[in-house]
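Report on one structure; see the data block that follows.
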Amino acid sequence: MVGIPKTFKAFRIHNDAEGYRSGIEKISIDDLSKGDVVIRGEWSGINYKDALAATGKSKILKSYPLVGGIDVAGEVLASECERFSPGDKVLVTGCNLSEKRDGGYTQYLRLDSNNIIPLPKGLTTREAMGIGTAGFTAAISLYRMEALGQAPEAGPIVVTGASGGVGSFAIDIFTRAGYEVHAITGKVNQFDYLEGLGARQCISRHDLHWGQQPLESVRWAGCVDNVGGDMLAGISRVIDLWGNIASCGMAGGIGLHATNLPLILRGVSLIGISSNNTPYAMRETIWGRLANEWRPQHLESIISNEVSLDKLSEAFDVLMQGNSLGRTLVNLS
Ligand SMILES: NC(=O)c1ccc[n+]([C@@H]2O[C@H](COP(=O)([O-])OP(=O)(O)OC[C@H]3O[C@@H](n4cnc5c(N)ncnc54)[C@H](OP(=O)(O)O)[C@@H]3O)[C@@H](O)[C@H]2O)c1
C-alpha cells in the first residue's frame, strides 16, 4: 500500500513454547489484524493494563501474538468506510486493542471503523493520547456519576490511586467540573503534584483507618476508586447518602469484602466502569466533553514522561512497581 514501508517497528507480545515475552520486532502490514481503515500511528500511551499485558503479570490477551497498546491516535492512510478519508485524524481507546486484536504500539495499523472516533476539534493527536484511556476512564466516571445525580453541592469526591493516570485525570476533570476533590495516595512526596492538579486535601494511603462497622461516619459524597480490594471496601463504609462510587481499578486487589448496607441504608451506588466496552455514542459524547468543558487543565503536568517504542519495556517496569506518576506518552513516529 502506498506510503507504508514493507516492514516497520512494532512492540509485540508472544506466549508460546518459548514462553511469555514481548519486545520490538519488524513486522509488515499483513501481519496485523484486519480492518477497513489503515492509519499511520502518531501517538499512544501507557496504561496499567498495557504493563500487565506486556509483562505477563495478568493474562490480558485472548490470542497471541498481538501488538501491545490499548490506545492509539494517528492519521488515516486508506479507508474502505465512507465515514473516514485519507488525512483524517482519528483515535481509538480500548475496543479490544491488545486484547483480541493488534494494538497501538506500531507505526502502522489496520482498525475496525466501528471503533474509530474522529479526533475532536480542539485536540491534537498528542493531546488525545496524553488523555488516552486514563483520562477517558476518569471522564466516564464523571459522566456516569452525574447520570445518577452526583453534584458538587453534595460534598467532596475522593480519588484513590490519585497519582496514577486515571487518578490524576480524575482530580483535574472533577475539579474542572466544580467538585471539591480529595486525593488518597501512597506517595506522600507527591502532595504538591496532586494539589497542583486541584486536590484540596491529600491523604496518605498508609494513614487510613476505616473502622470496623459496615457503616462508619460519612467522609465523602462520592469516589473514583482505582485501587479496589480493602480500599474499595473501606470507602463503601464512609460515602454519604445517595453518593456514587465509580469502581475503575484494581491496583490494590480484586477481592471485595464488604456488606451491602451502604447500598440499602444509604442509597450508595457502586458503578462499574469499563472503558474498553463503552458504547460508541457514549464514547463520542465523552470525547467531545474532554475536548471542551472537561478538557484537562493540567495535561502537560500529568504527562510526566514521553518514550519511544524502544523504551517501552523500561516504562512498564516502573509502572508495575507502582512508581509511575501521571501518564507516559508513546511517540510512534
Ligand atoms: N475500568 C476501566 O476501564 C479502567 C481503565 C483504565 C485503568 N483501569 C484500572 O485503573 C487502575 C489505575 O490505572 P492507571 O492506568 O491509572 O494505573 P497507574 O498509572 O499505574 O496508577 C495506579 C495507581 O494506583 C496506586 N497503586 C499502585 N499499586 C497500589 C497498591 N498495591 N495498593 C494501592 N494503591 C496502589 C498508585 O497510586 P498512589 O501511589 O497515588 O496511591 C498508582 O500510581 C488500574 O487498576 C487499571 O487497571 C481501569
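Here, residue 1 is the first one in the sequence, and each next residue gets the next number. We count ligands from 1, going down the list as the structure has it; atoms in each ligand are counted the same way.
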Stepwise salt bridge (Lys or Arg N to Asp or Glu O under 4.0 Å) check, Lys6 with Asp30: CA-CA 10 Å; Lys6 209 166 167 206; Asp30 293 329; over 6 Å; no
Note the single closest protein heavy atom to [atom], along with its residue, its atom name and the distance in Å.
{"atom": "atom 7 (C) of ligand 1", "value": "Val166 CG2, 3.7 Å"}
{"atom": "atom 15 (O) of ligand 1", "value": "Tyr48 N, 3.3 Å"}
{"atom": "atom 19 (O) of ligand 1", "value": "Gly165 N, 2.9 Å"}
{"atom": "atom 1 (N) of ligand 1", "value": "Ile273 O, 2.6 Å"}
{"atom": "atom 21 (O) of ligand 1", "value": "Gly164 CA, 3.2 Å"}
{"atom": "atom 12 (C) of ligand 1", "value": "Asn226 CB, 4.0 Å"}
{"atom": "atom 4 (C) of ligand 1", "value": "Cys248 O, 3.6 Å"}
{"atom": "atom 45 (O) of ligand 1", "value": "Met250 N, 2.8 Å"}

Measure the distances from the heavy atoms of Ala134 to every atom of ligand 1 and state whether one is below 4.0 angstrom.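 So Ala134 does not count as touching ligand 1.
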Could you pull out, from [options], the option with a heavy atom nearest to [atom]?
{"atom": "atom 32 (N) of ligand 1", "options": "Gly132, Gly272, Gly252", "answer": "Gly252"}
{"atom": "atom 6 (C) of ligand 1", "options": "Thr137, Asp50, Asp230", "answer": "Thr137"}
{"atom": "atom 40 (O) of ligand 1", "options": "Thr160, Val318, Thr185", "answer": "Thr185"}
{"atom": "atom 26 (N) of ligand 1", "options": "Lys49, Arg205, Gln190", "answer": "Arg205"}
{"atom": "atom 43 (O) of ligand 1", "options": "Lys187, Gln321, Met320", "answer": "Lys187"}

Begin from the C-alpha positions of Thr160 and Asp225 and carry the test side-chain hydrogen bond (donor to acceptor under 3.5 Å, both in side chains) through to its verdict. CA-CA 5 Å; Thr160 68; Asp225 176 51; 2.6 Å; yes
Could you tell me, atom by atom, which parts of ligand 1 come under 4.0 Å of a heavy atom of [X]?
{"X": "Thr133", "value": "5 (C), 6 (C)"}
{"X": "Gly249", "value": "9 (C), 10 (O), 11 (C), 45 (O)"}
{"X": "Gly186", "value": "38 (P), 39 (O), 40 (O), 41 (O)"}

Summary of salt bridge (charged side-chain N to carboxylate O under 4.0 Å, His left out) pairs that have at least one residue in residues 207-220, sequence neighbours excluded: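 Listed by first then second residue: nothing to list.
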Under 3.5 Å between any N/O of [X] and any N/O of ligand 1: does that happen in this structure?
{"X": "Asn47", "value": "no"}
{"X": "Ala251", "value": "yes"}
{"X": "Ser247", "value": "no"}
{"X": "Gly167", "value": "no"}
{"X": "Ser163", "value": "yes"}
{"X": "Ser274", "value": "no"}

Got a sec, which hydrophobics cluster with Trp210, joining ILVMFWY side chains under 4.5 Å apart, including via others?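 Grouped by the 4.5 Å side-chain rule, Val158, Ile184, Ile203, Leu208, Trp220, Val227, Met231, Leu232, Ile235, Val238, Ile239, Ile245, Leu256, Val268, Leu270 form the rest of the cluster around Trp210.
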Any salt bridge between [X] and [Y], counting N to O under 4.0 Å?
{"X": "Arg295", "Y": "Glu293", "value": "no"}
{"X": "Lys34", "Y": "Asp112", "value": "no"}
{"X": "Glu99", "Y": "Lys49", "value": "yes"}

When you compare the side chains of Ser163 and Lys187, does any donor N or O come within less than 3.5 Å of an acceptor on the partner?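 On atom types as modelled, these side chains qualify, holding a pair under 3.5 Å.
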Looking only at side-chain N and O atoms, does His298 offer a donor or acceptor that is under 3.5 Å from a partner on Glu300?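 There is no such pair between these side chains.
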Begin from the C-alpha positions of Asp36 and Arg110 and carry the test salt bridge (Lys or Arg N to Asp or Glu O under 4.0 Å) through to its verdict. CA-CA 7 Å; Asp36 53 350; Arg110 298 196 283 207; over 6 Å; no
Lys/Arg cation over aromatic Tyr105: Lys9, 6.0 Å, 45° cone: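 That pair does not qualify as a cation-pi contact.
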Just how far is it from atom CG of Leu52 to atom CG of Asp50, taken to the nearest 0.5 Å?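 Separation between the atoms: 9.0 Å.
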Between Met129 and Leu91, what is the shortest heavy-atom contact and its length?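 Taking Met129 first and Leu91 second, the nearest heavy atoms are CE-CB, 4.3 Å.
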Phe174/Phe169 aromatic ring centres below 6.0 Å: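 No: the rings miss the under 6.0 Å criterion.
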